[in-house]
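See below for the structure under consideration.
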Protein chains: 2
Amino acid sequence: MRWKEAADQYCSIARALGVLGDRWTLLIMREAFSGVRRFDDFRQHLGVARNVLTDRLQRLVDAGVLERRAYQDNPPRHEYRLTEAGRDLNGVLLALMGWGDRWLTDGSGPPMQVVHRGCDQPITPALVCPDCGEPLTTRNTQLLAGPGLPVQTAKEREAEVERIRAQHAQSEQPSNTEA
Amino acid sequence: MRWKEAADQYCSIARALGVLGDRWTLLIMREAFSGVRRFDDFRQHLGVARNVLTDRLQRLVDAGVLERRAYQDNPPRHEYRLTEAGRDLNGVLLALMGWGDRWLTDGSGPPMQVVHRGCDQPITPALVCPDCGEPLTTRNTQLLAGPGLPVQTAKEREAEVERIRAQHAQSEQPSNTEA
DNA sequence: AGGGTTAGTTGCAAAACGAGACTAAATCGC
DNA sequence: GCGATTTAGTCTCGTTTTGCAACTAACCCT
């Protein structure tokens with residue numbers, strides 16, 4: 001995959017990563033969420049090289065995640081603001097933060113905490129079924145082909161899943177009572 | 001930032017991205033979630049270079065997200081399996097997929113759909129407050145310093161947030177009724 | 001013995017990145 | 001009025017990281 005092809009894949013994760021999937025982009029978004037709008041502030045907070053920052057901001061603007069707008073005319077100066085699509089990345093960032101809190105802690109607790117206005121105390125955001133409110137896990141969810149997946153592709157994937165499932169039989173044999 | 005420093009930052013997003021934040025890693029995890037365990041299957045599904053895949057798998061094992069275990073002895077062959085930390089990335093991947101579904105669609109609908117066993121119909125996972133069940137947005141949540149953040153760092157950040165908030169006053173002036 | 005399978009390693013060329021110098025246009029201090 | 005400063009970049013160059021293809025290793029099948 002030569003990375004332009006990300007958008008062509010029949011997978012929203014791949015598409016999303018085509019926009020967001022490099023070392024800096026999601027950190028840039030984190031800064032944007034914390035209110036940063038200006039080139040030099042992004043640069044200093046992150047320590048990212050100028051040319052790289054230029055490139056990433058441009059991509060994010062192209063992807064419709066940030067908006068470049070003038071905040072003064074003389075001399076012309078621009079700032080980068082979250083669009084609605086950008087604001088909608090909230091969930092991705094919270095999910096990442098939660099995972100980091102749970103698995104990459106140094107023992108002193110989370111560096112930052114989410115507070116829900118109204119409840120007014122630290123929470124750990126939960127990913128739930130919008131219908132019944134139950135938390136979603138690997139075991140109680142399933143990924144099925146949607147309308148955006150061509151039938152041919154769906155069939156090929158189904159066959160591949162079958163082939164791989166067959167491998168699992170082999171691995172489970174060595175006296176493993178484990179799931 | 002020279003990328004070893006990710007783990008040292010007082011930010012769980014940065015820490016998480018220190019493990020997951022490159023072009024391939026989250027795609028590798030997507031494959032792992034779909035049941036893939038073997039080197040050559042990862043390689044063929046993703047089209048990633050062998051040496052890069054070797055490196056990424058090793059990092060994921062070091063990070064405790066995947067586990068490398070033998071599935072046969074003669075010749076020795078290994079497979080890569082999700083650990084509990086790996087399985088817990090479910091939320092991150094679902095968040096990414098949801099965002100991609102909403103903002104990077106080609107008009108034909110989502111390629112894949114989440115089905116909650118029990119409800120048995122396609123859902124869009126929701127990120128909610130675990131206490132009251134209300135959906136979390138940028139506007140009804142707040143990030144505050146947690147116990148893992150040194151007081152000195154917290155103070156510095158507070159001052160910086162203040163400086164940046166001052167910039168916003170300038171931007172809002174040009175006859176913008178917008179929030 | 002020859003070919004196939006699986007999980008890599010190695011070497012080399014191409015692309016991406018990092019650091020710092022440099023530019024442009026206007027304002028600030030004096 | 002003049003040099004320093006601010007902001008948002010661009011340019012250059014040396015280092016890293018990738019991608020690709022060839023090769024290795026250890027075993028199986030026929």
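Each chain gets a letter, A, B and so on, in the order its sequence line appears, and its residues count up from 1. Just so it is clear, the structure is predicted and the values come from calculations on it, not from any experiment. Scope of the values below: all heavy atoms of this structure, side chains included, with no hydrogens, waters or symmetry mates.
For the pair Tyr80(B) and dT6(C), the criterion of a side-chain N or O lying under 4.0 Å from OP1 or OP2 is not met. Considering only side-chain N and O atoms, Trp24(B) lies nowhere under 4.0 angstrom from the phosphate OP1 or OP2 of dT17(D).
Among the atoms of the strands shown, none is found under 4.0 Å from any heavy atom of Phe42(A). No contact: Arg43(A) has no heavy atom under 4.0 Å from any strand.
Regarding Asp22(B), its CG atom lies at a distance of 14 Å from the C1' atom of dT16(D), rounded to whole Å. Remark: P of dT9(C) and NE2 of His78(B) are 12 Å apart, rounded to the nearest angstrom. In this structure, CD of Gln72(B) is placed 15 Å from P of dA26(D), rounded to the nearest angstrom. With rounding to whole Å, Gln58(A) atom CD is found 14 Å from dT10(D) atom C1'. The distance from atom CG of Asn74(B) to atom C1' of dT6(C) is 14 Å, rounded to the nearest whole Å. Counting to the nearest Å, the P atom of dG4(C) and the CG atom of Asp40(B) are 15 Å from each other. When the P atom of dT5(C) is taken as reference, atom OH of Tyr71(B) falls 13 Å away, rounded to whole Å. One interatomic measurement links the two molecules: CZ of Arg23(B) to C1' of dA15(C), which rounds to 10 Å at whole-angstrom precision.
Side-chain contact check for Tyr80(B) and Arg68(B): at least one donor-acceptor pair (N or O, by modelled atom type) lies under 3.5 Å.
Between Arg15(B) and Asp8(B) there is no salt bridge, since none of the side-chain N atoms of the basic residue sits less than 4.0 Å from a carboxylate O of the acidic one. Using a cut-off of 4.0 Å between Lys/Arg side-chain N and Asp/Glu carboxylate O, Arg37(A) and Asp41(A) are scored as not salt-bridged.
Both Arg50(A) and Leu57(B) sit near DNA chain C, but only Leu57(B) has its closest nucleotide nearer the 5' end. Place Arg56(A) and Thr54(B) on DNA chain C by their nearest nucleotides, and Thr54(B) ends up nearer the 5' end. In terms of position on DNA chain D, the residue among Asn51(B) and Asp73(B) whose nearest nucleotide sits closer to the 5' end is Asn51(B).
Residues Leu82(A) and Leu143(B) share a hydrophobic cluster, clusters being chains of Ile/Leu/Val/Met/Phe/Trp/Tyr side chains in contact below 4.5 Å.
In the set dC17(C), dA25(D), dG19(D), dA25(D) carries the atom at the smallest distance from any side-chain atom of Arg77(B). In the set dG9(D), dA8(D), dG18(C), dA8(D) carries the atom at the smallest distance from any side-chain atom of Arg38(A). The side chain of Ala49(A) sits closest to dA19(C) out of dG9(D), dA19(C), dA7(C).
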Using a 3.5 Å cut-off and no angle test, enumerate the donor-acceptor pairs between side-chain atoms of residues 119-129 of chain B and protein atoms at least two apart in sequence or in another chain.
| residue | atom | partner | partner atom | Å |
| --- | --- | --- | --- | --- |
| Asp120(B) | OD1 | Gly118(B) | N | 3.4 |

